Amino acid sequence: ETLDLTTIFPGRSGYKHLKAADPSGLDKIDVKYNPQVRQAMDINNGQEVNDPKKLEVLQRNSVFLIANRSTVDDEPTTSPTSPPTTINTNSPTLPPTSIA
């Protein structure tokens with residue numbers, strides 16, 4: 001599967017893979033898991049992402065990235081909210097008033 005980072009994170013750039021260190025006890029990992037371990041180490045190699053529009057995510061693995069700060073000038077859209085309403089159940093109920 002490929003991800004388009006420019007669509008997912010508009011305004012970001014400078015993507016780089018994190019650098020994974022060989023896990024301790026690498027020599028004790030069952031050989032049947034070596035392909036997955038090698039694949040994870042190859043993906044998380046500290047290198048720059050060559051094409052942020054086509055970041056490949058391989059089967060049964062994760063990609064860990066860092067990037068430059070966002071350069072989008074638009075402010076995030078927020079909706080105004082009113083403060084929470086508090087109901088005091090200990091106060092007496094007052095009858096409605098009318099103006100004559």
Side-chain angles (χ1 to χ4, degrees):
E1 183 174 350
T2 60
L3 300 176
D4 181 351
L5 299 175
T6 63
T7 300
I8 299 169
F9 305 108
R12 304 228 43 188
S13 63
Y15 293 99
K16 188 175 179 181
H17 293 270
L18 292 182
K19 174 73 173 142
D22 284 343
S24 61
L26 181 62
D27 57 331
K28 295 179 181 132
I29 295 175
D30 192 317
V31 295
K32 68 182 177 184
Y33 299 116
N34 282 349
Q36 289 87 358
V37 172
R38 287 282 39 110
Q39 185 183 61
M41 300 306 293
D42 290 344
I43 292 170
N44 299 297
N45 58 12
Q47 300 297 311
E48 292 182 15
V49 173
N50 293 328
D51 187 355
K53 290 184 179 246
K54 294 180 182 176
L55 176 69
E56 188 175 12
V57 181
L58 303 172
Q59 184 180 18
R60 288 190 252 162
N61 246 309
S62 299
V63 175
F64 299 95
L65 304 172
I66 57 174
N68 295 332
R69 295 179 74 96
S70 179
T71 59
V72 175
D73 293 331
D74 298 334
E75 291 295 318
T77 305
T78 57
S79 58
T81 57
S82 55
T85 303
T86 305
I87 299 173
N88 185 350
T89 58
N90 295 325
S91 65
T93 305
L94 300 175
T97 57
S98 61
I99 300 176

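Heavy-atom basis, side chains included; hydrogens, waters and symmetry copies ignored. Fair warning: this is a prediction, and the values are worked out from it, not measured in the lab.
Lys32 and Gln36 make their closest contact through O-OE1, 3.5 Å (heavy atoms, listed as atom of the first residue, atom of the second, distance). Across all non-hydrogen atoms, the minimal contact from Leu65 to Tyr15 is CD1-CD2, 4.3 Å.
Panel note: side chain Arg12, backbone Asn68; a donor-acceptor pair is recorded below 3.5 Å.
Here the rule is side chain to side chain contact (heavy atoms under 4.5 Å, CB included) with His17, and of Asn45, Asp42, Ile66 only Asn45 fits it.
The distance from atom CD of Glu56 to atom CD1 of Ile43, rounded to the nearest 0.5 Å, is 8.0 Å. Atom OG1 of Thr6 and atom CG of Asp51 lie 8.5 Å apart (nearest 0.5 Å).
Chaining together hydrophobic side chains whose heavy atoms lie under 4.5 Å apart leaves Val31 on its own.
The side chain to side chain contact (heavy atoms under 4.5 Å, CB included) search around Leu26 returns Asp22, Pro23, Ile29, Val37, Arg38, not counting sequence neighbours.
Residues Leu5 and Val57 share a hydrophobic cluster, clusters being chains of Ile/Leu/Val/Met/Phe/Trp/Tyr side chains in contact below 4.5 Å.
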